[in-house]
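Read the structure below first, then the notes.
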2 protein chains.
Amino acid sequence: MNISEVARETGLPAKTIRYYEEIGLIKPLRDTNGYRLFRVSDVHKLAFLGRSRALGFSIEDCRRLLALYEDQCRASADVKALAEEHLAQIDGKIAQLRSMQATLRELVEECAGDRRPDCPILRDLAKE
Amino acid sequence: MNISEVARETGLPAKTIRYYEEIGLIKPLRDTNGYRLFRVSDVHKLAFLGRSRALGFSIEDCRRLLALYEDQCRASADVKALAEEHLAQIDGKIAQLRSMQATLRELVEECAGDRRPDCPILRDLAKE
DNA sequence: ATGGGGGTTCCCGTTGCTGGAGGGTCAAGC
DNA sequence: GCTTGACCCTCCAGCAACGGGAACCCCCAT
């Protein structure tokens, strides 16, 4: 399988697939002409990576997840720990965004949004 | 005022202040020895930037907000539009994070987290 | 032979800084 | 006058996770 076919199957851009090879996440074979040659297992790994990334795991986390996936002797506790840590970070980010959202919503509601220069949003940003 | 004093007052790292000058957000004076010399208005702008950034506005948005702030003839509608657009992006990000959070929470709950290799998290990431 | 649609590498740009190297400046103490 | 330490300066590299584009190779059909 060549790269564009793999891209179609996994939904990942070819650029991303090349990048994943560059950083050692996959190691496709090479054809005599220099083209990458993907095995089914490579495609499988790429799909795994795509789903891990879609859940917001960092590349380094994905690397660890992939290693655990390939290790038949893994302990599910290790996977769970990784996922829980990531979940905690997501929780934190959501909290932060919600705080911004709340503040902004208030300010936007207070703002007349007309031609006059007076604006509670700017006033808040400039306060003190 | 020199940079470390401004850093203390605004809560921004000196590096960040230099960076903001580099990209043209502020234009402090220079002392004869080459040191930056900050006016009260510079400090004020930096505080404004700090609060805008804390609300999640991008640097370019901050630049626009600052321009609106300085423009006595601005229309509050312009500020409101900017804020609403940003708010919409925050809403989108929260939605995305919540979807990740929901999926991850489910998977984490299903996972035994013991020494056995069987793991629903990995199974989900590898599915199909 | 030529054209079009693959593939390849390499390098720069993104966002918003942060860290560090290498060097000038200033105020205090001896 | 000299040193020491705490400032300040500029410039360069790097982070995450790619994306865009140049310059070039390869293969197949007409």
Side-chain angles (χ1 to χ4, degrees), chain A residues 1-39 42-43 45-46 48-66 85-86 89-90 93 96-97 100, chain B residues 1-38 42-43 45-46 48-66 85-86 89-90 92-93 96-97 100:
Chain A
M1 255 202 266
N2 61 12
I3 201 165
S4 63
E5 203 178 337
V6 176
R8 203 163 3 87
E9 278 205 21
T10 60
L12 296 172
K15 276 274 186 185
T16 299
I17 297 173
R18 292 196 192 97
Y19 175 65
Y20 287 174
E21 180 190 15
E22 193 190 324
I23 62 175
L25 286 177
I26 53 166
K27 304 192 198 324
L29 303 173
R30 290 293 176 142
D31 208 339
T32 51
N33 56 15
Y35 287 18
R36 285 172 185 82
L37 209 57
F38 295 86
R39 288 155 294 187
D42 294 320
V43 179
K45 279 192 209 176
L46 284 168
F48 183 97
L49 289 168
R51 274 187 287 269
S52 306
R53 292 285 300 133
L55 284 182
F57 285 102
S58 73
I59 290 283
E60 285 317 306
D61 280 352
C62 289
R63 195 190 297 280
R64 284 177 210 122
L65 285 171
L66 201 51
E85 204 177 323
H86 179 45
Q89 288 200 1
I90 288 181
K93 251 185 209 170
Q96 192 188 350
L97 285 172
M100 291 178 185
Chain B
M1 253 199 267
N2 64 10
I3 201 165
S4 64
E5 203 178 339
V6 176
R8 204 166 2 88
E9 278 206 20
T10 61
L12 297 171
K15 277 271 186 187
T16 299
I17 296 173
R18 291 196 193 98
Y19 175 65
Y20 286 173
E21 181 192 14
E22 193 190 324
I23 62 175
L25 287 177
I26 53 166
K27 306 193 196 323
L29 303 173
R30 292 292 177 142
D31 209 340
T32 51
N33 56 14
Y35 287 18
R36 285 171 185 80
L37 209 57
F38 295 85
D42 295 319
V43 179
K45 279 191 208 178
L46 285 168
F48 182 97
L49 289 168
R51 274 187 288 266
S52 307
R53 292 286 300 136
L55 284 181
F57 285 102
S58 73
I59 290 283
E60 284 318 306
D61 279 352
C62 289
R63 194 190 298 281
R64 284 177 211 122
L65 284 171
L66 201 52
E85 204 176 325
H86 179 45
Q89 288 200 0
I90 288 181
K93 253 186 204 167
Q96 192 187 350
L97 286 172
M100 290 178 186

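Note on naming: letters A, B, ... go to the chains in the order of the sequence lines (proteins, then strands), and numbering restarts at 1 for each one. Just the heavy atoms: all of them, side chains too, but no hydrogens, waters or symmetry mates, feed the values below.
- Between B:Arg63 and the phosphate of C:dG16, there is no side-chain N or O to OP1/OP2 separation shorter than 4.0 Å.
- Not one side-chain nitrogen or oxygen of B:Thr16 sits closer than 4.0 Å to the OP1 or OP2 atom of C:dG16.
- Rounded to an integer number of Å, the gap from A:Glu21 CD to C:dG7 C1' is 13 Å.
- Note: CZ (A:Phe38) to C1' (C:dG7) measures 11 Å, nearest angstrom.
- Among the atoms of the strands shown, only primed sugar atoms or phosphate atoms (P, OP1, OP2) are found under 4.0 Å from some heavy atom of B:Ile3.
- For B:Lys15 against C:dG16, no side-chain N or O and base N or O form a donor-acceptor pair under 3.5 Å.
- Nearer the 5' end of DNA chain C, as judged by each residue's closest nucleotide, is the contact made by B:Glu60, out of B:Glu60 and B:Asn33.
- Here the side chains of B:Val6 and B:Asp42 are not in contact, with every heavy-atom distance at 4.5 Å or above.
- Closest approach of B:Asn2 and B:Phe38 over heavy atoms only: C-CD1, 4.0 Å.
- Distances shorter than 4.0 Å separate none of the side-chain N or O atoms of B:Arg18 from OP1 or OP2 on C:dG19.
- A:Arg53 comes within 4.0 angstrom of the backbone, heavy atoms only, and of no base.
- When each of C:dC26, D:dC18, D:dG21 is scored by its nearest atom to the side-chain atoms of B:Tyr35, the top-ranked nucleotide is C:dC26.
- Between A:Arg63 and A:Glu60 there is a salt bridge, with a side-chain nitrogen of the basic residue lying less than 4.0 Å from a carboxylate oxygen of the acidic one.
- Here the closest non-hydrogen pair linking A:Arg39 and A:Lys27 is NH2-O, 2.8 Å.
- Rounded to an integer number of Å, the gap from B:Met1 CE to D:dC7 P is 17 Å.
- Summarising the geometry, the separation between CD1 on A:Ile23 and C1' on D:dG19 is reported as 15 Å, rounded to the nearest angstrom.
- Atom P of nucleotide D:dA6 and atom CD of B:Glu5 are separated by 19 Å, given to the nearest angstrom.
- Between A:Ser4 and C:dG7, a side-chain N or O to OP1/OP2 separation shorter than 4.0 Å is present.
- If you take CZ of A:Arg30 and P of C:dG7, they are 12 Å apart, rounded to a whole angstrom.
- OP1 or OP2 of D:dC8 sits under 4.0 Å from a side-chain N or O of B:Asn2.
- Contact annotation: B:Arg36 does not reach the phosphate of D:dC7 (side-chain N/O to OP1 or OP2, under 4.0 Å).
- Distances shown here put every side-chain N or O of B:Ser58 at or beyond 4.0 Å from the OP1 or OP2 atom of C:dT15.
- Remark: P of C:dG16 and CG of B:Leu46 are 16 Å apart, rounded to the nearest angstrom.
- In this structure, A:Leu46 and A:Ile26 approach most closely via the heavy-atom pair CD2-CD1, 3.8 Å.
- C:dT8 atom P lies 13 Å from atom CG of A:Leu29, rounded to whole Å.
- In summary, B:Arg64 and B:Asp61 engage in a salt bridge, as defined by a charged side-chain N under 4.0 Å from a carboxylate O.
- The side chain of A:Tyr20 contributes an N or O atom lying less than 4.0 Å from OP1 or OP2 of D:dC18.
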